[in-house]
Amino acid sequence: MNQDIRVRFAPSPTGPLHMGGVRTALYNYLLARKKGGKFILRIEDTDQNRFVPGAEEYILESFRWCGIEFDEGVHVGGPFGPYRQSERKELYKQYADQLIQSGHAYYAFDTADELDELRKHYESEKKTFTYNAESRGQLKNSLVISEDEVKTWLDTGKPYVIRFKMPASEEVNMQDLIRGEVVVNTRALDDKILFKSDGMPTYHLANVVDDHLMEISHVIRGEEWLPSMPLHIMLYRAFGWNEPAFAHLPLLLKPDGKGKLSKRDGDRLGFPVFPLEWTDPQTGETTRGYREDGYFPEAFVNMLALLGWNPGDEREVFEMESMAEAFSLERVGKSGARFDPDKARWFNHQYMVLKANEELTRAFMPVLQQKGLMVDSEYVQQVVGLVKERADFVHELWDQSSFFFVAPDGYDEKAVKKRWKPDSYDQMMELKELLVKTEPFTAGHTEEMVKQWIEEKEYGMGAVMNAFRLLIVGALQGPHLFDIIALIGQEETLMRIQTGLHELGRKE
RNA sequence: GGUCGGUUCGUCUAGUCAGGUCAGGACGCCAGGUUUUCAUCCUGGUAACACGGGUUCGAAUCCCGUACCGACUACCA
């Protein structure tokens, strides 16, 4: 039984893709990559009322950004298409009919309003209405109505749905790759609608039919689907089809409190919940995304992968390739994983340090241009190399490096108080004289010269260097000072000293 | 309410299937070190087996119960 691995991610285009959904897709993708299988994107748009324009494009763009690629799907095609359920509409009816034929399903003519009414009535008596073996005998369906009348109603176009005839009491034994054996008695289940009165299948039918037709080997999805696994299993059995393997992933939980991670948590705690920025076409409301917040896709994906899965060793920073290599469903945890924004930031920092200066420069150039700075990218690369390990995001680079591009427009008050001493003025004056004649103006050489001079004059290293830094940077921060002056150059260095001398003056 | 699932440091987790290292790593936090500054970095520290029974020489690990948490319970997916 060396069956080919075929997995799918099947979102419904009802809005932006939640990061939990991205993780689900990622695990599917990783398994496919690991096993040399196929990864399929299927759009589950059987609910016409919930269709949101732009959502499908958003989903595609999200995966493109994340570096998650599909072998088959709406956008790339494939031998099992179409991959959009609305385009497969004609397919489903025959399968629903097949189930009616075999006695596993039946027509039901109760209207949504009637059922609502019934539910309310039950609720008022503190009971729960369930459309099941117990109640179906009292309702309007082909199990109680005469065959002739059913035929007449059908012929006259009376709205109907097709429901699954759930056995009254039967143990369903199921195997979940993550949770092991799960047993449910059908008495706790209801006669789920398989085919809606609008002519579309529900998720349950479409999902099972498509997974079968597309020869899906593993259904890997969120834990919220666990309760409907028995129905799906029953469906496979009713059709007489082989069941795929199932794996229900643990939920992504909010950083604080309880419950699954929601958009509101992100708004409340200040982090994105979606991969990309999303603007609601209805309200115009915009929701932030990881991409726009400055996360590297590699970091986002890496962080997500480790939420619920680990390689079994102590590696944490993974590129997609090695992640796929190390991935296995056996190492996916059972319990919900709380999202930690701090750790997400840490992951981004790891990639910041890892990234080539060229790549960071490409990302940083637009920031510089926006500030009206025309700088050589060779120069920026050197700057980035010096400061990247001090930042978590590209947009933090400016704060760490502004003094490489513009002279200080003021001097940090506290720093002045602490480091601009009565001796400083004369010492800096001397330093300027020294630097005028220092040649070549490299980091190594200037450092050598300055340190030698400090020693000869028996000035305090700390006193001189801090005052010097203050004049060059405007504050007591930044990388190695001799690296800074070497980059900005001799002329600029001398100018900044001159300006600083003038601005700060001699302290009495 | 019912059904199903889950429970190791504050957080992500290793260890559980094949009982036996002071329960390991990472994030965060704290302290120290390196440094001309800040940051990075390095070193160290902090801190957990939900609870109660049982089986056993020995239980985070096996069994039972309890508690707590969550998901689901639509002509939504």
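Each chain gets a letter, A, B and so on, in the order the sequences are listed, and its residues count up from 1.
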Pairing partner of [N] (Watson-Crick or G-U wobble, both distances under 3.5 Å):
| N | result |
| --- | --- |
| B:U37 | none |
| B:C62 | B:G54 |
| B:C30 | B:G44 |
| B:A23 | none |
| B:C72 | B:G2 |

When all nucleic acid strands are considered with a 4.0 Å heavy-atom cut-off, which category describes [X]: base, sugar-phosphate, or nothing?
| X | value |
| --- | --- |
| A:Ser197 | base |
| A:Thr46 | sugar-phosphate |
| A:Lys127 | nothing |
| A:Gly259 | sugar-phosphate |

Report task. Over 60° means perpendicular and under 30° means parallel, so classify the ring planes of A:Phe246 and A:Tyr236, tilted if in between. Result -> perpendicular
Query - A:Asp409, CG atom: more than 12 neighbouring heavy atoms under 6.0 Å - result: no
In whole angstrom, give me the gap between the [atom1] atoms of [N] and [M].
| N | M | atom1 | result |
| --- | --- | --- | --- |
| B:A23 | B:A60 | P | 9 Å |
| B:G24 | B:C49 | P | 13 Å |
| B:G25 | B:G15 | C1' | 11 Å |
| B:G6 | B:U66 | C1' | 15 Å |

Query raised in the report: Got a salt bridge between A:Glu455 and A:Lys457, using NZ or NE/NH1/NH2 to carboxylate O under 4.0 Å?
Result: no
Query raised in the report: Between A:Asp47 and A:Arg50, is there a salt bridge with N-O shorter than 4.0 Å?
Result: yes
Query raised in the report: So, do A:Phe364 and A:Trp398 have ring centers that fall under 6.0 Å from each other?
Result: no
Query raised in the report: When the ring centroid of A:Tyr290 is compared with that of A:Phe300, is the distance short of 6.0 Å?
Result: yes
Report summary line: Under a 4.0 Å heavy-atom cutoff, the residues of residues 8-16 of chain A touching RNA chain B are A:Ser12
Requested in this report: Please work out which residues in residues 381-395 of chain A have a non-hydrogen atom less than 4.0 Å from an atom of RNA chain B and list them by number.
Outcome: A:Glu389, A:Arg390
Query raised in the report: On the ring face of A:Tyr131, is A:Arg163 found with NZ or CZ under 6.0 Å from the centre and within 45° of the axis?
Result: yes
Query raised in the report: Regarding A:Lys263 and the six-membered ring of A:Phe274, is the cationic atom NZ or CZ under 6.0 Å from the ring centre and inside 45° of its axis?
Result: no
Query - RNA chain B: 5'-proximal contact among A:Thr202 and A:Gly308 (nearest heavy atom) - result: A:Gly308
